Amino acid sequence: MRKRVAILGSTGSVGLQALDVIRQHPDRFELVALSANRSAKALRGQAEELRPTHVALESEDASALDGLDGVEVLAGPGSSAALAGLPGVDVVLNGIVGFAGLAATVEALEAGNDVALANKESLIVGGEWVKGLPGADRIVPVDSEHSAIFQCLEGRREGEVSALLLTASGGPFFEWPEENLRAVGPEDALRHPTWSMGPKITIDSATMMNKGMEVIEAHHLFGTPYEKIRVVVHRQSIVHGGVFFEDGAVVLHAAKPDMRLPIAYGLLYPDRVDVGAEPVPLDGVSWTFAEPRNDVFRCLPLAVEAGKEGGAYPVALNAANEVAVEALLEGRIQFLRIAEIVEEVLEAVPDLGHMKSMEAITNADAWARAEATSRAEANAR
Ligand code: MG
């Protein structure tokens with residue numbers, strides 16, 4: 001039986017790799033829908049090649065999609081989320097980047113569609129809301145670390161698990177003395193040692209914010225208390241995650257860093273297919289594990305604190321970080337200032353109520369963005 005899939009964010013890094021998996025296994029997939037943010041031409045090319053029944057473009061100008069035969073075209077903000085709720089879809093791959101992905105996750109779950117989740121914000125800013133929706137247990141994570149943990153947990157009873165393990169590459173500066181970090185510019189921070197990813201997530205890896213957000217993601221996905229989620233730095237990026245069991249055993253998941261593996265697993269769960277990933281090297285290699293440097297890379301402990309606080313705190317964390325990373329990429333602030341801006345914004349969070357609606361989350365997000373922007377600007381002057 002072929003799985004009927006919708007790929008949201010199909011022109012982004014995760015989306016492109018998902019389409020590779022689908023091309024490799026035409027016997028396993030029926031592509032129903034594609035969506036993109038602004039890359040209309042690329043989306044058109046994908047639609048002409050792969051012939052979905054629906055495409056969606058978030059941008060209003062969809063003229064590049066005119067005249068696509070036999071394809072229903074949706075355009076404008078919210079059109080990706082509309083595709084997430086299409087009837088008859090077996091699994092929605094949410095590869096949308098940023099906050100916009102939350103609406104698609106909610107829409108898919110409410111329509112009864114399974115979700116292969118690559119959009120982190122759905123759980124970081126919307127975790128308390130999304131986890132309360134019926135069908136939230138139909139989310140299969142596509143983030144590599146969470147896919148690893150998900151696979152290690154399969155077939156296990158809850159009572160057997162004592163803690164979760166998330167690995168971090170440590171980013172390009174893990175071994176650097178703190179004083180050298182003051183001079184780091186965007187070019188340095190964009191050099192990731194083991195994964196090739198978009199600029200935002202590469203900076204988030206260098207600051208360890210990515211790992212902090214992944215702790216929040218893991219907390220919501222697996223219902224694990226923050227105290228029982230352990231982060232270790234593993235420079236080789238071969239072990240992606242693991243589970244500590246009651247008897248002292250740790251089950252680890254290892255694979256070459258290749259996003260097609262968690263994508264294919266998320267799309268075809270519980271089946272596995274060969275996506276052409278290279279084998280794990282076992283000949284004379286060393287795997288190392290080390291404690292994170294939380295005193296220098298402050299974003300990880302800040303994210304864990306924000307997660308524990310809950311409510312508006314993770315929303316503010318995400319928004320402040322996005323503003324600060326953009327300021328770094330534009331050369332307006334220094335590397336270490338990212339964590340400072342995030343911390344200052346977290347310290348100023350007022351009572352913004354619960355975060356269980358789009359409106360509440362949007363308000364908290366806007367508050368934190370304004371707060372972070374004024375701090376980044378003060379810094380640039
Ligand atoms: Mg990850």
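Quick caveat, the model's predicted, so the values are computed rather than measured. All ligand and atom numbering here is 1-based and tracks the order in the structure.
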Please list, one pair per line, the donor and acceptor atoms closer than 3.5 Å that link side chains of residues 364-372 to other protein atoms, with sequence neighbours excluded.
| unit_1 | atom_1 | unit_2 | atom_2 | d |
| --- | --- | --- | --- | --- |
| Asp365 | OD1 | Arg369 | NE | 3.4 |
| Asp365 | OD1 | Arg369 | NH2 | 3.1 |
| Asp365 | OD2 | Arg369 | NE | 2.8 |
| Arg369 | NH1 | Glu322 | OE1 | 3.2 |
| Arg369 | NH2 | Glu322 | OE1 | 3.0 |
| Glu371 | OE2 | Arg375 | NH2 | 2.7 |

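- Using a distance-only test at 3.5 Å, with no hydrogens or angles considered, no donor-acceptor pair links the side chain of Arg28 to the main chain of Val21.
- Ring-plane geometry between Phe222 and His146 is classed as parallel, the angle between the planes falling under 30 degrees on a 0 to 90 degree scale with a further cut at 60.
- Panel detail: the Mg ion (ligand 1) has protein N, O or S atoms under 2.8 Å away, 3 in number.
- Ring centroids of Tyr269 and Phe150 are separated by less than 6.0 Å, placing the two rings close together.
- For residues 60-70, no residue pair satisfies the salt bridge (charged side-chain N to carboxylate O under 4.0 Å, His left out) rule, not counting sequence neighbours.
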Please tabulate, one pair per line, all N/O donor-acceptor pairs under 3.5 Å involving side-chain atoms of residues 96-104, not counting sequence neighbours.
none

